[in-house]
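In what follows, chains carry the letters A, B, and so on, assigned in the order in which the sequence lines appear, proteins first and then strands, with residues in each chain numbered from 1.
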Amino acid sequence: MAKRGVLTPQHEDFPRWYQDILNKAELADNGPVRGTMVIRPYGYALWERMQAEVDQRIKAAGADNAYFPLFIPESYLNRESDHVEGFSPELAVVTQGGGRELAEPVVVRPTSETIINAYFSKWVQSHRDLPLLINQWANVVRWEMRPRIFLRTTEFLWQEGHTAHATRQEARDYAAQILHDVYQDFMESVLAIPVLIGYKTEAERFPGAINSMCLEGMMRDGKALQMGTSHELGQSFAAMFDITYLDPEGNQAQVWQTSWGVSSRMVGGLIMAHGDDHGLVVPPRLAPVQAVVIAVRDADGVVDACHRLADALAADGIRARVDDRMGTGFGRRATDWELKGVPVRVEIGPRDLEQDQATLVSRIGEDKQIASLSEAPKSVGSLLDVIQQRIFNDAAAWRETHTAEVATIAEVMEAAATGFARIPWGKLGPEGEAVLAEDAVTVRCLQRADGSLPESGDELDLVAVCGRSY
RNA sequence: CGGGCUGUGGCGCAGUUUGGUCAGCGCACCUGCUUUGGGAGCAGGGGGUCGCCGGUUCAAAUCCGGCCAGCCCGACCA
């Protein structure tokens, strides 16, 4: 394992550890404008993998991709009162263009409900046009007070889904379908992060929504990270943007809507949910590089053997790369890949080659194992499966041991110092929520006692999961 | 925007109390040789108007004033 000093240990200074990882794993740099970030190739590769997996699930849920403009007329934002109140403090506004003052300022999109719904209004005329299911991949800008790379940046990357339905129930069901089939499935089966699902309290709700569902993950410091949201927008945007249609009986009706998104924040979640003192830990199903084949020494045939093995791995569908930087010592190269969290390292040196074998090393295991060169692709494949499962299990166990069932506000505060607290919502309520907020503890979500998603946030006997958050 | 801390080569820091002999260290980088099975060694080398502006002084990284930026803790949030 790497020598001490490569990274600040997590227990010593978690934020510093996070900064160290961003640098040492070559994920991102700060941009020149406060709050902006430069996403470096390896960090972007992680994001591209997330995009690919999420995009595939969104399409399976029936939504189509489209693209709407970056610039939105300021007046659009003003149409929905809760929406504008929620977003106006963090808007970036352009007042000049082509060297002249603009007649109407344009805002750089903080989210696209307004501009997309302005077009939904044109596109929806008949009940036959419903449901209308649109997604867009884009960058958005929110002038945040306290930026932090990947977690909360002035400009970030995301996907935002926007849909229109004939009935409230259909909209609600679709928002829940996205939550489960797209987000939860991706986060748990690919990112290997167990997520809590539930409803936001009224205090935490998205501006303009009638209900916000969310997915919350626990990081290695016990804090919560909101990994995604899916909102029921009700009919307020439909009213403001006049999205109406003729129903089968020939009556004018307004649509019911949803919006939902996940962002480049998930990269931060990935780092903080699995990373350890040796670096990033990337679950195999996400990993841009699942296996790196390292030529240990520059001896006869070693480098060639590495390339042949990498080709064989690729032929088995494994994302593999060769490290044959022979001018750099083995230890340095091994540490580099460890920092980047590559799940499996395959080492081939002269000693291995003599035995017609390769040495396999898991990022999260202690023991090295030997595989014959011909069997190596199969061995690596099954090792990747084992690693994927173990990363998820470890994260689930971590959350389990850092979650307490409590009955009083004092106990919530105590438990939130190190993790989550579950308390009956009936015992907390909006008043208790306000008390917790004074000490930066928030209700992350309201869910049923068994952890499942309620029909609404008003269902009886819900449990409030509380914690500190990013 | 409130509270705390900090600004010195790419990164991390020492030097500031007591102004001068102060542009220094580690890592990184470049060249050469030896190395390569867990961040290699030796030798040589390049790079900083000490955050910015102004003031005090014979003399400022160091003292004074103003400004700016960053980090951490809050309010906000994907």
Side-chain angles (χ1 to χ4, degrees), chain A residues 1-8 13-16 18-20 22-24 29-30 32-35 50 85-91 110-111 138-161 183 200 203-207 212 214-217 224-231 259-269 278-279 294-299 302-303 323-339 345 347-354 358-359 361 368 370 434 437-442 468-470:
Chain A
M1 290 288 153
K3 279 184 190 169
R4 286 179 52 208
V6 176
L7 297 174
T8 304
D13 185 344
F14 196 85
R16 183 73 169 266
Y18 183 79
Q19 285 295 126
D20 286 351
L22 296 177
N23 291 325
K24 302 279 183 172
D29 273 334
N30 280 310
V33 173
R34 176 185 155 76
M50 293 181 186
E85 270 177 40
F87 280 106
S88 56
E90 48 189 274
L91 292 181
T111 180
N139 55 341
V140 288
V141 168
R142 299 178 188 180
W143 220 264
E144 297 289 355
M145 295 304 180
R146 256 186 68 203
R148 195 163 181 203
I149 288 184
F150 289 125
L151 300 175
R152 189 176 42 249
T153 46
T154 298
E155 177 189 6
F156 58 93
L157 308 180
W158 77 346
Q159 67 58 223
E160 48 180 324
Y183 297 159
K200 283 296 183 191
E204 300 276 326
R205 198 173 286 162
F206 176 78
S212 287
C214 63
L215 307 99
E216 300 277 332
L225 184 71
Q226 181 171 322
M227 308 268 301
T229 48
S230 187
H231 312 289
S259 74
W260 26 276
V262 293
S263 73
S264 43
R265 169 181 276 186
M266 289 193 297
V267 179
H278 301 295
I294 303 188
V296 176
R297 299 175 59 122
D298 194 9
V302 167
V303 172
D323 184 347
D324 55 1
R325 295 174 293 166
M326 302 318 297
T328 304
F330 172 79
R332 161 56 79 94
R333 291 182 288 140
T335 307
D336 278 353
W337 294 110
E338 193 168 83
L339 282 164
R345 222 165 53 233
E347 305 172 355
I348 300 181
R351 296 209 294 266
D352 295 302
L353 212 50
E354 272 174 30
T359 303
V361 190
K368 299 189 173 188
I370 304 297
E438 290 172 16
D439 288 296
V441 174
T442 49
R468 293 171 190 281
S469 75
Y470 277 93

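Spacing between atom CZ of A:R325 and atom C1' of B:U35 amounts to 17 Å, rounded to whole angstrom units. In this entry the distance linking CD of A:E160 with P of B:A78 reads 12 Å, nearest Å. For the pair A:E204 CD and B:A78 C1', the interatomic distance rounds to 13 Å; values are reported in whole Å. Atom CG in A:D323 sits about 13 Å away from atom P in B:G37, given to the nearest Å. Rounded to whole Å, atom C1' of B:C77 lies 17 Å from atom CZ of A:R205. Following rounding to the nearest Å, A:M227 (CE) and B:A78 (C1') show an atom-to-atom distance of 11 Å. Following rounding to the nearest Å, A:M266 (CE) and B:A78 (C1') show an atom-to-atom distance of 10 Å. Nucleotide B:G10 holds its C1' atom 10 Å from the CG atom of A:D29, rounded to whole Å.
In the set B:C72, B:G74, B:A78, the nucleotide with an atom closest to the side chain of A:T229 is B:A78. The side chain of A:E347 lies closest to B:G37 when the candidates are B:G12, B:A78, B:G37. Residue A:F330 has its side chain nearest to B:G37 when only B:A78, B:G37, B:C13 are considered. Taking every side-chain heavy atom of A:L339 into account, B:G39 is the closest of B:G39, B:G37, B:A75. Nearest to the side-chain atoms of A:S469 among the listed nucleotides B:C77, B:U36, B:G37 stands B:C77. When each of B:G74, B:C72, B:G37 is scored by its nearest atom to the side-chain atoms of A:R148, the top-ranked nucleotide is B:C72. Closest to the side chain of A:Q226, out of B:G74, B:A78, B:U36, is B:A78. Closest approach to the A:T335 side chain among B:G39, B:G74, B:U36 is made by B:G39 (side chain taken as heavy atoms from C-beta onward).
Among the heavy atoms of the strands, none lies under 4.0 Å from A:N30. At the heavy-atom level, A:L225 lies nowhere under 4.0 Å from the strands shown. Residue-level contact check: A:Y183 touches neither bases nor backbone, having no heavy atom under 4.0 Å from any strand. Looking at heavy-atom distances under 4.0 Å, A:S264 makes no contact with the nucleic acid at all. The residue A:T111 sits apart from the nucleic acid: no heavy atom pair falls under 4.0 Å. If you check every strand for non-hydrogen atoms under 4.0 Å, A:G349 touches a base. When heavy atoms are screened at a 4.0 angstrom cut-off, A:K368 is found touching base atoms of the nucleic acid. The residue A:M326 sits close to a base: some heavy atom pair falls under 4.0 Å. Residue A:T153 is classed as a base contact, given a heavy-atom separation below 4.0 Å to a base. Counting non-hydrogen atoms under 4.0 angstrom, A:E90 reaches the backbone sugars and phosphates but no base.
At least one test fails for A:R265 against the ring of A:Y470: distance under 6.0 Å to the centre or angle within 45° of the axis.
No hydrogens or angles were tested; on distance alone, a donor-acceptor pair under 3.5 Å links the side chain of A:R265 to the base of B:C77. In the interface, the side chain of A:R351 is paired with the base of B:G37 through a donor and an acceptor atom under 3.5 Å apart.
Pairing of B:G24, defined by two Watson-Crick or G-U wobble distances under 3.5 Å, is identified with B:C13. Remark: B:G2 base-pairs with B:C73. Criterion, Watson-Crick or G-U wobble with two distances under 3.5 Å. Pair assignment for B:A61 gives none, since no Watson-Crick or G-U wobble pairing has each distance under 3.5 Å. Under the Watson-Crick or G-U wobble criterion, with both distances below 3.5 Å, B:G37 has no partner in any strand shown.
Atom CD1 of A:I294 is separated from atom CZ of A:R325 by 8.0 Å, given to the nearest 0.5 angstrom. How far CD1 of A:I149 is from CG of A:D29: 6.5 Å, rounded to the nearest 0.5 Å. Interatomic distance, A:K200 NZ to A:H231 NE2, rounded to the nearest 0.5 Å: 10.0 Å.
Mapping A:D336 and A:V296 onto RNA chain B via the closest heavy atom, the residue that lands nearer the 5' end is A:V296.
Electrostatic pairing of A:K24 and A:E338 does not count as a salt bridge here, judged by no charged N lying under 4.0 Å from a carboxylate O.
Residues A:L7 and A:L339 meet the side-chain proximity criterion, which asks for heavy atoms closer than 4.5 Å. Between A:V302 and A:V296, every side-chain heavy-atom pair lies at or beyond the 4.5 Å cut-off.
Between A:R332 and B:A28 there is a side-chain polar atom (N or O) within less than 4.0 angstrom of OP1 or OP2.
By the 5.5 angstrom centroid cut-off and the 30-degree plane limit, A:F156 is classified as stacked against the base of B:A78.
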Self-check item: side chain to side chain contact (heavy atoms under 4.5 Å, CB included) between A:Q159 and A:W260, intermediate numbers included
Solution: CA-CA 8 Å; A:Q159 67 58 223; A:W260 26 276; 3.6 Å; yes

